[in-house]
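Read the structure below first, then the notes.
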Amino acid sequence: MTAVLKHELKSYFHSFTAYVFGAFLLAIVGFGAMLYNLEAAVSNFEYVLSFGSIVFVVIVPILTMRVIAEERRQKTDQLLYSLPLTTTQVVLGKFAALLVVFLIPLAVISLYPLIFSRFGDVYLPTSYGSLAAVFLMGAALLAVGTFLSSLTENQGLAAGVTIAVILFNYYSVSLSEYVSSTAIGTVIALAALVFALGALIRYLTRNELLAYGVCLVLTGIICVIGFVDSAMFEGLLPAIMRQLSLFERLNTFVSGVFDLSAVVYDLSVTAFFLFLSVQSLEKRRYN
Amino acid sequence: MISVSHLTKYYGDFLAVDDLSFSIDEGHVYGFLGPNGAGKTTTMNILTGCLSATSGSVTIGGFDIFTEAIPAKRLIGYLPEQPPLYLNETPEEYLRFVGEAKGLKGETLDRQIEQVIEQVKIQQVRGQRISSLSKGYRQRVGIAQALLGDPKVIILDEPTVGLDPLQIIEIRDLIRQLGQTHTVIFSSHILSEVQAICDKILIIAHGRLIAFDEPAALEKSLLADSSIAFTTEATAAQVQQLLSGMEEITGLELHETGNGLVSAQCTTDSRDIYAVSRRLFFAFAGSGKALLELKLQKASLEDIFIELTESSDPASQAENTTAEGEEEQNDSRTQA
């Protein structure tokens with residue numbers, strides 16, 4: 001794992017990616033700090049983090065688009081398969097390298113509240129709590145990007161899909177106000193989700209029976225619940241969209257609550273998508 | 001060292017490897033020979049743990065490649081068909097990564113990197129980016145990668161494809177050299193190459209193993225007939241009469257050449273072609289007719305290869321002539 005980590009880090013710092021990533025993150029946080037903390041003289045550094053979180057839409061794909069797609073295109077994935085490493089070690093090594101690249105600008109940012117506290121009253125626990133939340137959320141987004149990169153050998157496609165997914169996640173709370181909150185709307189949305197899940201299962205396992213089975217069972221459950229107690233579905237879709245939002249959970253920290261459930265959610269998303277990345281790589285062995 | 005039993009691999013409905021079983025001892029160079037699409041790469045990918053099998057088992061030095069992948073993979077160095085290189089690195093950086101991934105550290109790592117760089121002769125380009133290297137050098141970097149960690153088995157998939165004749169000779173020498181200290185398995189669809197370097201040959205066609213022996217033994221077990229061509233001043237009728245008593249001659253074709261001579265082409269299934277030509281010579285000498293020309297055509301490994309690979313699939317009989325033509329072309333190119 002350390003071999004993969006070292007190798008990945010070297011390639012990030014040999015190319016521009018690590019610098020572009022860091023520069024973007026520092027630029028937007030610096031800009032935010034200037035607007036809020038310097039111009040408006042607000043002492044809450046966490047507002048800056050909330051304001052700057054949109055930058056992840058752009059910088060996460062910069063880092064993750066090549067992480068596995070490039071290996072495939074260059075056929076170096078064959079080397080990884082033949083080396084005495086497990087797929088889990090490869091994925092974890094790559095992810096650890098992403099975290100290191102992410103932590104470097106965060107370390108710089110972590111100095112800002114300390115600097116500001118010399119000139120005024122800064123409530124540090126909220127600042128650093130929010131910074132930790134930014135790290136966890138970023139880690140989850142990087143895991144999502146890693147998985148999307150493992151699905152294709154086309155970096156551009158991986159980047160595009162990652163941008164779309166993160167953007168959707170960013171706006172899902174605002175969008176949730178516009179989607180139908182009726183029971184039937186929820187049923188349709190859930191059915192669509194179930195089919196997406198089925199497609200994913202089919203892609204990863206190549207087992208059509210399993211995919212169709214899962215689809216049928218879940219659709220059945222949805223229909224049964226829909227008939228028995230349709231009130232349960234009222235307003236469920238907007239609620240789900242709010243729940244799925246990684247960015248919304250950051251805002252809980254920004255408003256001064258150290259939300260453990262958010263920590264668990266971020267960690268679960270990270271673990272889930274890393275698991276999927278491993279499966280996606282393993283799948284190539286079983287085609 | 002390697003034992004493969006009842007290995008089968010389907011890609012969807014396509015049967016790529018069909019109930020393959022063989023075992024390979026330590027030492028020696030093994031040639032994996034077969035026409036394109038015979039299942040060579042698939043088999044090698046399975047042997048090295050890059051691909052799963054539909055059924056069957058593979059053990060490397062006693063370790064099952066599917067269930068004890070890590071210790072099994074430590075025994076193998078693999079060069080896939082397309083060398084898996086990180087193009088924006090230098091050979092040295094690249095080898096360092098592979099060495100570390102194979103678990104080498106510190107001084108051992110440094111020493112082994114130096115050793116393989118010297119072995120495959122890439123000293124001059126060790127600091128250049130791989131993207132700027134020629135195909136031959138890239139191939140060597142790929143081989144160097146396989147050699148790191150001093151694996152017992154080295155598996156090379158078509159290591160000479162796309163190289164110029166001089167590079168091919170160099171790579172062959174390298175393989176021969178490696179064969180003295182390692183078990184080397186390499187695949188090729190070029191027969192003369194396999195014949196030149198290998199101690200043992202595995203011929204595979206349509207996913208099945210159809211022959212596994214030493215080159216000389218394969219040639220000796222002549223499945224294809226040898227033939228003798230001669231020109232004589234005897235008439236066609238006389239030739240037929242003289243040869244009618246020789247039961248080892250299985251076929252005869254005669255042409256009148258126009259200047260009163262007859263040229264003949266006869267085939268024999270005899271193991272000892274010289275004995276046949278000797279009888280032929282004295283038969284004509286005894287009857288007072290001179291043999292003006294006598295040419296022996298021993299069945300080559302090439303003929304055996306073509307016969308074996310073609311006859312294993314009746315459906316492809318029709319393509320015989322084109323396949324043969326291609327094979328010859330390939331061959332003359334590499335021998336040049």
Side-chain angles (χ1 to χ4, degrees), chain A residues 1-19 66-94 96-97 153 155 202-209 278-287, chain B residues 9-12 14 16 41-42 44-54 60 63 65-66 68-90 93-94 96-105 109 129-131 142 145-146 148-149 151 155 157:
Chain A
M1 194 184 115
T2 45
V4 178
L5 168 64
K6 270 169 77 178
H7 184 242
E8 288 289 305
L9 277 181
K10 207 184 265 175
S11 94
Y12 288 131
F13 287 100
H14 265 277
S15 61
F16 281 113
T17 33
Y19 304 107
R66 57 162 288 284
V67 68
I68 295 173
E70 179 70 1
E71 301 269 1
R72 270 201 190 181
R73 199 187 57 77
Q74 282 194 127
K75 310 271 183 213
T76 39
D77 54 341
Q78 279 240 312
L79 175 72
L80 298 177
Y81 287 129
S82 69
L83 287 173
L85 298 171
T86 63
T87 313
T88 314
Q89 284 175 318
V90 171
V91 170
L92 287 183
K94 281 176 173 288
E153 57 181 63
Q155 287 189 34
R202 198 183 144 193
Y203 176 77
L204 288 179
T205 62
R206 297 254 167 153
N207 187 338
E208 299 198 359
L209 213 64
V278 171
Q279 296 312 310
S280 167
L281 269 174
E282 275 294 308
K283 185 217 114 199
R284 295 263 295 168
R285 233 191 270 238
Y286 288 89
N287 61 355
Chain B
K9 174 74 186 175
Y10 279 94
Y11 289 113
F14 177 71
T41 299
T42 304
M44 291 191 145
N45 274 338
I46 296 173
L47 287 186
T48 51
C50 294
L51 201 64
S52 73
T54 310
I60 314 282
F63 299 108
I65 191 74
F66 305 123
E68 301 159 290
I70 302 295
K73 284 179 186 175
R74 284 193 198 284
L75 297 173
I76 303 176
Y78 181 38
L79 172 68
E81 200 166 356
Q82 188 179 344
L85 305 171
Y86 294 100
L87 297 181
N88 52 8
E89 291 174 12
T90 67
E93 290 169 335
Y94 173 70
R96 188 159 293 274
F97 162 61
V98 176
E100 283 176 359
K102 287 186 177 182
L104 302 174
K105 282 191 194 79
L109 178 63
R129 277 184 175 222
I130 293 175
S131 57
Q145 162 272 121
L148 276 176
I155 299 182
D157 194 358

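These numbers come from a predicted model, not from an experiment. So you know, we letter chains A, B, ... as the sequences are listed, proteins then strands, and number each from 1.
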Using non-hydrogen atoms and a 4.5 Å limit, figure out which bit of A:Glu71 sits close to chain B: side chain, backbone, both or neither. side chain

For the student: nearest non-hydrogen atoms of A:Leu85 and B:Lys73, plus distance: O-NZ, 4.2 Å

Less than 4.5 Å to any heavy atom of chain A: does that hold for the side chain of B:Ala101, its backbone, both, or neither? both

Before giving the answer on salt bridge (Lys or Arg N to Asp or Glu O under 4.0 Å), spell out for B:Glu93 and B:Arg96 the whole-Å C-alpha distance, their side-chain angles and the decisive distance to 0.1 Å. CA-CA 5 Å; B:Glu93 290 169 335; B:Arg96 188 159 293 274; over 6 Å; no

Answer with side chain, backbone, both or neither: which region of B:Leu85 has an atom nearer than 4.5 Å to a non-hydrogen atom of chain A? backbone

Which portion of A:Lys6 sits near chain B, non-hydrogen atoms under 4.5 angstrom: side chain

Nearest heavy-atom neighbours spanning B:Pro80 and A:Gln78: CB-OE1, 2.8 Å

Please classify the contact between A:Thr86 and chain B as side chain, backbone, both or neither, with a heavy-atom cut-off of under 4.5 Å. both

Rounded at 0.5 Å granularity, tell me how far CD1 in B:Ile60 sits from CD1 in B:Ile155. 6.0 Å

side-chain contact (heavy atoms from CB on, under 4.5 Å) between A:Tyr81 and A:Val90, worked out: CA-CA 9 Å; A:Tyr81 287 129; A:Val90 171; over 6 Å; no

What's the shortest heavy-atom distance between B:Pro151 and B:Leu148, and which atoms? CD-O, 3.4 Å

Side chain / backbone / both / neither for B:Leu79 at chain A, heavy atoms under 4.5 Å: neither

Between A:Ser82, A:Ser11, A:Pro84, who has the most heavy-atom pairs with chain B when the cutoff is under 4.5 Å? A:Pro84

So which of A:His7, A:His14, A:Gln74, A:Lys75 has the biggest tally of heavy-atom pairs under 4.5 Å with chain B? A:His7

Check this for me, if you would: do A:Arg73 and A:Glu70 make a salt bridge, where the nitrogen-to-carboxylate-oxygen distance has to be below 4.0 angstrom? yes

Heavy-atom pairs under 4.5 Å with chain A, option from B:Ile76, B:Ile70, B:Leu87, B:Asn88 with the top count: B:Ile70

